[in-house]
Each structure stands twice: as structure tokens, then as C-alpha cells.
Amino acid sequence: MTLIIYNTLSRKKEEFVPLVPGRVHMYVCGPTVYDHAHLGHAKTYVSFDVIVRYLRYSGYQVRYVQNITDVGHILDTGEDRILKGAARERIEPMEVVERYARSYFEDMAALGALPPDISPRASAHIPEQIEMINVLLAKGHAYEVNGSVYFDVHSYPEYGKLSGRQVEEQAEGARVALAVREEKRSPEDFALWKRAEPEHILRWPSPWGWGYPGWHVECSAMSTKYLGPTFDIHGGGIDNIFPHNECEIAQSEAATGQPYARYWLLGGTLTVDGVKMSKSLGNFTTIKDALKRYKPEALRFFILSGHYRNPIDYSDAALEAASKGWERLAAPALAVRERLRSPSAGADSNSDVANLVTETRRRCLEALDDDFNAPVAIAALFDFSRSVNTLLSAETQPGQAALEAIDGLYREIGGQVLGIVPEQAASGASAEREAGLIRLLIELRAEARQHKDFALADSIRERARKLGVVLEDSKDGTTWKIT
Ligand SMILES: [Zn+2]
């Protein structure tokens, strides 16, 4: 079958043909690590996780690079989020970066996102960025003023080809400090290197004095280093299309003289009441908090129930509904595994089951080959689960071979590709029983405290901790997690 991808660069669906047959070089813009990641990050990176998983499932050898932005950047609002985080927590900027890079990797692992093959850090690639800026200066695409270097947007006529914006429009609304505005030849020129102000702790020596690289140049330098000047897929969130991705293209193509990424895949944002979820707006739910209430597979299910290019509106009710939907889809898969542990004699040569499995696989692959259409694949799995329920409640039970074929499809599409059916053979019934027992413990402990028996309450918590169950108190009550 042919994989079709919507390419934002050409604004149409195209057949996917990698540069080197059988191989895919892919880059996705990673997070700036200055606080815990939220569900907006989860949407972007789970979407690309499924894209990578499906490319691998389809037989491609994928090199997946996703950067970590750990160099402070002054935003249009005048703030530098990493320095702000350091001031907030009274720690070193590099401590902020280290703490939240680890937190991000933890969250992604908890969500079942496969780790990128390379997670390059901007701070570890300063020489590569300086080198690219030097090339741009030598080729006349950049100029230096007072220790800062800017890209001359007018030197690159194709600027705007990804976002479709005109240079004149871009200047409007750009809130930049007056000093910077005066430094630049043209208001829409962007910084490749910024002179470090004295309070800027994250700074490096360069041919232009102490400073730090502009945000856009890190992605150009690191993608080129690990994937070559021209590579197959560039991904990220649609909100970074301008100026970030546009600037990446301009710098890279101006520096190398070759086309940059061939297919641009940009994911829709996660919104709350129609507004983008973001740290700065305060309308965010961290991945860690969401995982206290929902299973990782249910969160993935919520994210994948919309096409990756579309926005998803988040609310507690929407996530709750998705979680229930996920249970309906996954319960038959877990029930089948339970039966496989103690198989009974059944109708083994069930050709209906073979047809059902083949037809479901065909529908799923057809959907995923059409621009990674996960929601349509999930709909096929829903139909499959309905049929499996009917089979399991029928008078003549499916035998070992039939159960194995059903389990195989759940593992293949639900597990390996979408990551929404748990890989482990853990039974849903026993997991539920375990959760029930822990809730019972929490209730008994609360009763002990009501009776002012704090010794017993503490003892319950301590003994649970020894069994690997951590009870955490907050003003909203007690939550638990398994360590
Ligand atoms: Zn980037």
C-alpha cells in the first residue's frame, strides 16, 4: 500500500517517497525545558510517536531526532522562561534545564512514547550553531550589529513559503525592544546570535563576543548535523509554523544551498475552551497530574481520537468520556488475554475470526496510510471489539487459535502502532481489584484520622509504601501512585 502524507509545504496530500529507499530521517521540534510538560505537549509528541511507530511498522528504518531547547531565549514579551524558572525556584539556570528535561523524559516514557533516537540539546551544539551563522555571514545572508547577528530576510526571496505569510505582514505586531528594532536593518529580520546582557547567565563566547544563539538556529544546526542538509520529515506543532519553522527553512537553505525538509507535518494544538493550552495563559494541566487520574493508554486514546492535524478541545468531561470509550475498546482485549491463560476447548477452525482479523487489519492500515488517520483506525478497532464481545458471549466459545489471532491484532495495531492497548498481559479485572483495595486502604486511613488515631494512619501509609504504593495527601484528598 502507498503512504499518503499531507505536506504543509505544498498544501496537498502527496505520496511519501523517502530520499533513500527504506529509510526515513525525521526531525521534530522539542520542548523548551523550564517547567513540567502539560497536555499540549502530550498531544504533539504522542501524535509524532504514532507517526514514528507506524513508519517503523511499515518497514522503514527511522532516525528520529527531537531537540531539547535548553538555551534561554528572550521572547517577544521580553521574558526569558529559563531565567524566570531559575529565579522562581532559586536555582541555577542549568539546574532548571536539567530538572525539567528529566521530568519531560519521564512523562514521555509514562505516556508510552518511544524515546527519540537522538535528543540533542541546544547548549551542547553551540559550535555547530556558530558555524552555521559564520556561513550565513560569509554568504551575505546575515549581518552583525553590536555583538548580535541578524538574518537578512530580504536576502532570501522564498521566505514565507511554508506559512504563506508575506514579509510585510510579518513586521506587524512584532513586539521587540526599541534598541533591537533600531539595530535591525529591517523589522522582520530575526536574530541568529544575541549579545548577552549582563544578567543573562546562559552565555557563550563567539566571534562576536559573549552571547547566545537565537532559538531558530538550533533546529537548523542540529537537524543538519544528524540528518543532513535535506531530510525527509520535519514535524512540530502548527503554532511554531511562524516564525520558528519559517526561519529554520530560510537559514538552512540559505546556508547549505540545498532544500531543507521535504515533508512538513504540523500537528493541531490542544485547546481549552477554544484557547491554546499554555503555561503562560495558566490554563494547563500537567501530564503528571493527568496521569494520576487516567491511565496512559486512555490519555493516548483521547489524543488519537482526533486527527493529528486537527485541534482537540480539552475538558475534564471530554477526557472522562474518552477514558470510558477507551475502556470499552480495551476491555475485550484484556478479556481475551485472560481466556488465553486458561483456554478451554472451543471452535478452533473459526474462519469468521480469521476474516474479522484480516478485515480489521486492512481497515486500520488503510486509515493509517491516509495521512496517519488514527481516529479512523480506532473506529475500526471499536467495531472489532464489539465483534469480539459477541464472540466471547456466544454459546460456542472461540478456541486457542482464534483467541491468539484476536490477541495478535490487538497487540499489533492497538499495542505496537497506536499504544492504546497495554502491552502487558495484565488482566483488567485484577488491576481494578488492586485499585479498589488501595482505595479501601485510603478510606480506612481517613477513618483512623477522623478518630484521631494518627499512629494507625501513619502506619497504614508506611506499610503501603513498603509495598510500593505511595499515598499522597493534598487539600483535595489523598491520591496514590505505584512506584
Ligand atoms: Zn525547532
Side-chain angles (χ1 to χ4, degrees), residues 7-9 25-34 37 40-41 43-45 47-49 51-52 63-76 80-82 97 100-101 104 108 113 116-126 128-133 136 151 156 159-163 165 170 190-194 202 212-256 259-269 276 278-279 308:
N7 188 352
T8 304
L9 190 60
H25 276 189
M26 171 162 162
Y27 187 91
V28 172
C29 290
T32 302
V33 282
Y34 67 102
H41 299 105
K43 179 179 188 303
T44 301
Y45 301 115
S47 297
F48 284 101
D49 178 53
I51 288 172
V52 170
R63 181 182 292 164
Y64 177 25
V65 179
Q66 190 199 106
N67 65 306
I68 291 286
T69 299
D70 62 351
V71 169
H73 298 293
I74 298 179
L75 304 179
D76 288 348
D80 176 328
R81 294 176 296 186
I82 291 174
V97 160
Y100 293 111
Y104 171 71
M108 288 301 124
D117 300 297
I118 309 177
S119 300
R121 291 183 173 211
S123 66
H125 295 76
I126 302 292
E128 288 84 350
Q129 297 177 69
I130 290 176
E131 175 57 24
M132 184 169 265
I133 298 168
L136 290 169
F151 185 89
Y156 179 73
Y159 190 71
K161 69 179 171 182
L162 181 70
S163 60
R165 295 211 206 179
Q170 289 154 16
F190 58 89
L192 295 165
W193 186 266
K194 292 291 284 290
L202 291 172
Y212 57 97
W215 171 34
H216 318 309
V217 75
E218 73 178 72
C219 288
S220 287
M222 297 193 291
S223 59
T224 304
K225 174 165 174 144
Y226 297 113
L227 302 173
T230 306
F231 57 93
D232 299 297
I233 295 178
H234 194 308
I238 187 75
D239 45 317
N240 279 339
I241 189 170
F242 184 86
H244 182 61
N245 297 150
E246 200 71 76
C247 296
E248 273 183 67
I249 296 177
Q251 295 158 166
S252 291
E253 297 192 347
T256 68
Y260 188 48
R262 302 168 60 238
Y263 298 86
W264 280 83
L265 277 66
L266 300 176
T269 44
K276 185 192 165 191
S278 78
K279 175 77 187 147
Y308 78 88

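Bear in mind that the values here come from a model prediction, so they are computed numbers and not experimental data. FYI, side chains are in, hydrogens and waters are out, and symmetry mates aren't considered; it's all heavy atoms of this structure. When a ligand or atom number is given, it counts from 1 through the structure's own listing order.
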Any Lys/Arg nitrogen of Arg63 or Asp117 sitting under 4.0 Å from an Asp/Glu carboxylate oxygen of the other?
no
Which residues share a salt bridge (Lys or Arg N to Asp or Glu O under 4.0 Å) with Lys161, sequence neighbours left out:
Glu158, Glu253
Just by distance, no angles: are the side chains of Ser220 and Gln251 close enough, under 3.5 Å, to form a donor-acceptor pair?
yes
Which residues pass the ring pair (Phe, Tyr, Trp, His ring centres under 6.0 Å) test with His216, not counting sequence neighbours?
Phe190, His244
May I ask you to decide if the ring planes of Tyr260 and Trp264 are parallel, tilted or perpendicular, using 30° and 60° as cut-offs?
tilted
Checked the Zn ion (ligand 1): protein N, O or S atoms closer than 2.8 Å come out as Cys29 SG, Cys219 SG, His244 NE2
Using ring pair (Phe, Tyr, Trp, His ring centres under 6.0 Å) as the criterion, list what pairs up with Tyr212, not counting sequence neighbours.
His200
